[in-house]
2 protein chains.
Amino acid sequence: MFNEYLFFEALSDETRRRLLLLIMKQGELCVCELFFALNLPQPKISRHLAVIREAGILATRKEGTWVFYRLHPQLPLWAAKILEMMAQGIEHGNIYHQDAKRLGAMENRPSKCDI
Amino acid sequence: MFNEYLFFEALSDETRRRLLLLIMKQGELCVCELFFALNLPQPKISRHLAVIREAGILATRKEGTWVFYRLHPQLPLWAAKILEMMAQGIEHGNIYHQDAKRLGAMENRPSKCDI
DNA sequence: TCGTTATATTCGATATATGGCATATAATAG
DNA sequence: CTATTATATGCCATATATCGAATATAACGA
């Protein structure tokens with residue numbers, strides 16, 4: 001069940017907030033897209049995603065070698081609202097804009113493939 | 001100006017969430033009341049309050065030797081809403097109940113003195 | 001099978017946070 | 001002034017988080 005301690009811990013790191021904002025904006029993203037957008041070492045992305053996932057905030061879906069992350073469907077309402085408010089409050093920061101921009105410039109995105 | 005990094009950092013510690021919940025519920029509390037309610041060493045209370053205050057979440061008012069803490073009046077709306085949702089999401093936990101109970105049992109509370 | 005791509009994990013070093021205890025400061029009363 | 005109460009801070013030990021680099025795993029195609 002959902003653990004408030006892990007939830008707030010997950011939000012306390014900027015890299016994790018960057019990941020969350022992108023995922024929330026796009027609905028679902030695979031690791032390589034997040035990796036490309038944030039322009040950080042892949043193991044770092046992977047580890048931070050694991051922290052968010054283990055907090056119950058993200059769910060995953062596998063498709064071949066890709067792993068897609070999305071908001072967890074059973075996320076408590078109050079937690080979902082906090083994430084919404086967080087996005088609203090911070091999305092105007094430069095870092096988040098740059099992430100979105102890089103993602104937009106990415107070619108051959110798995111999300112956009114028709115399989 | 002308000003710093004999102006410090007804001008989420010402040011929410012990531014349980015002692016600080018306990019302090020915030022009590023202050024939000026009561027409107028304003030002095031350190032000795034929070035100290036009594038949480039039943040933790042006074043320096044610990046003081047330092048955690050400082051973290052929340054330095055994050056721009058709390059404002060203080062001095063009255064003699066007492067220092068009263070309340071939500072900062074210029075808290076951004078999105079941040080205030082996050083605090084509300086946080087309270088809603090976690091207030092049913094045992095720890096928070098016990099804090100409120102101890103506070104209720106405290107005698108000679110500065111807040112309740114007529115000066 | 002081997003090689004490639006995508007993702008996750010381990011390890012060890014370093015940074016940051018937290019805690020306890022003692023002490024400092026500040027305000028007030030006598 | 002001194003003593004007392006309320007609050008804050010300094011110092012140091014310890015716990016926890018984060019990082020980079022290397023490596024492991026997993027799925028797929030040739």
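Chain identifiers are assigned alphabetically (A, B, ...) following the order of the sequence lines, protein sequences preceding nucleic acid strands; residue numbering begins at 1 within each chain.
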Atom CG of A/Asn39 and atom P of D/dG20: how far apart are they, to the nearest Å?
-> 12 Å
Please report the closest heavy-atom contact between B/Met86 and B/Leu11, naming both atoms and the distance.
-> SD-CD2, 4.1 Å
For A/His48 and D/dC19, is the shortest distance between a side-chain N/O and OP1 or OP2 below 4.0 Å?
-> yes
Identify whether any heavy atom of A/Phe68 sits under 4.0 Å from a base atom; if not, whether one sits that close to sugar-phosphate; answer base, sugar-phosphate or nothing.
-> nothing
Given D/dA8, D/dT18, C/dG19, the nucleotide with the shortest approach to the side chain of B/Lys44 = C/dG19
Give the minimum heavy-atom separation between A/Lys44 and A/Thr15, together with the two atoms involved.
-> CE-OG1, 3.9 Å
Proximal nucleotide (of D/dG20, D/dT18, C/dA8) relative to the A/Pro41 side chain = D/dG20
Please tell me which of the listed nucleotides, D/dG20, C/dA22, C/dA8, lies nearest to the side chain of A/Val31?
-> C/dA8
Let me know the distance between CG of A/Leu29 and C1' of C/dT7, rounded to the nearest Å.
-> 15 Å
Counting only side-chain N and O atoms of A/Thr65, is one of them less than 4.0 Å from OP1 or OP2 of C/dA6?
-> no
Atom-pair distance (CD on A/Glu33; C1' on C/dT5), nearest Å = 15 Å
Nucleotide C/dT16, atom C1' - distance to CD of A/Glu14 in whole Å | 16 Å
State which of C/dG19, D/dC19, D/dT7 makes the closest approach to the side chain of B/Val67.
-> D/dT7
Taking for each residue the nucleotide of DNA chain D bearing the nearest heavy atom, is the 5' side occupied by A/Arg16 or by A/Pro43?
-> A/Arg16
Find which nucleotide of DNA chain C each of B/Gly64 and A/Thr60 is nearest to by heavy atoms, and output the residue with the more 5' nucleotide.
-> A/Thr60
Nearest to side-chain heavy atoms of A/Cys30, which nucleotide of C/dG20, D/dT7, C/dT7 | C/dT7
Would you please classify the geometry between the A/Phe2 ring and the A/Trp78 ring as parallel, tilted or perpendicular, with 30° and 60° separating the classes?
-> perpendicular
Roughly, in whole Å, what's the span from CG in A/Leu40 to P in D/dA21?
-> 13 Å
For B/Ala10 and B/Arg16, which heavy atoms make the closest approach, and how far apart are they?
-> O-NE, 2.9 Å
Please confirm whether any donor atom in the side chain of B/Gln42 sits under 3.5 Å from an acceptor in the base of D/dA6, or the reverse.
-> no
Would you indicate, yes or no, if C/dA8 has its OP1 or OP2 atom less than 4.0 angstrom from a side-chain nitrogen or oxygen of A/Tyr69?
-> yes
So which heavy atom on B/Arg17 is nearest to which on B/Tyr96, and how close?
-> NE-OH, 3.8 Å
Please give, in whole Å, the distance from D/dA6 C1' to B/Phe36 CZ?
-> 16 Å
When you get a sec, tell me which of C/dG19, D/dA22, D/dC19 is the closest nucleotide to the side chain of A/Arg47?
-> D/dC19
Nearest-angstrom distance from the residue atom NZ of B/Lys62 to C1' of C/dT28 | 12 Å
Evaluate the side-chain contact (heavy atoms from CB on, under 4.5 Å) criterion for residues B/Ile90 and A/Phe7: first the C-alpha distance (whole Å), next the side-chain angles of each, then the deciding distance (0.1 Å), finally the verdict.
-> CA-CA 11 Å; B/Ile90 70 181; A/Phe7 176 72; over 6 Å; no
Would you mind telling me which of D/dA8, D/dT7, C/dA8 lies closest to the side-chain atoms of A/Ser46?
-> C/dA8
Grab the CH2-C1' distance between A/Trp66 and D/dA27 for me, whole Å please.
-> 11 Å
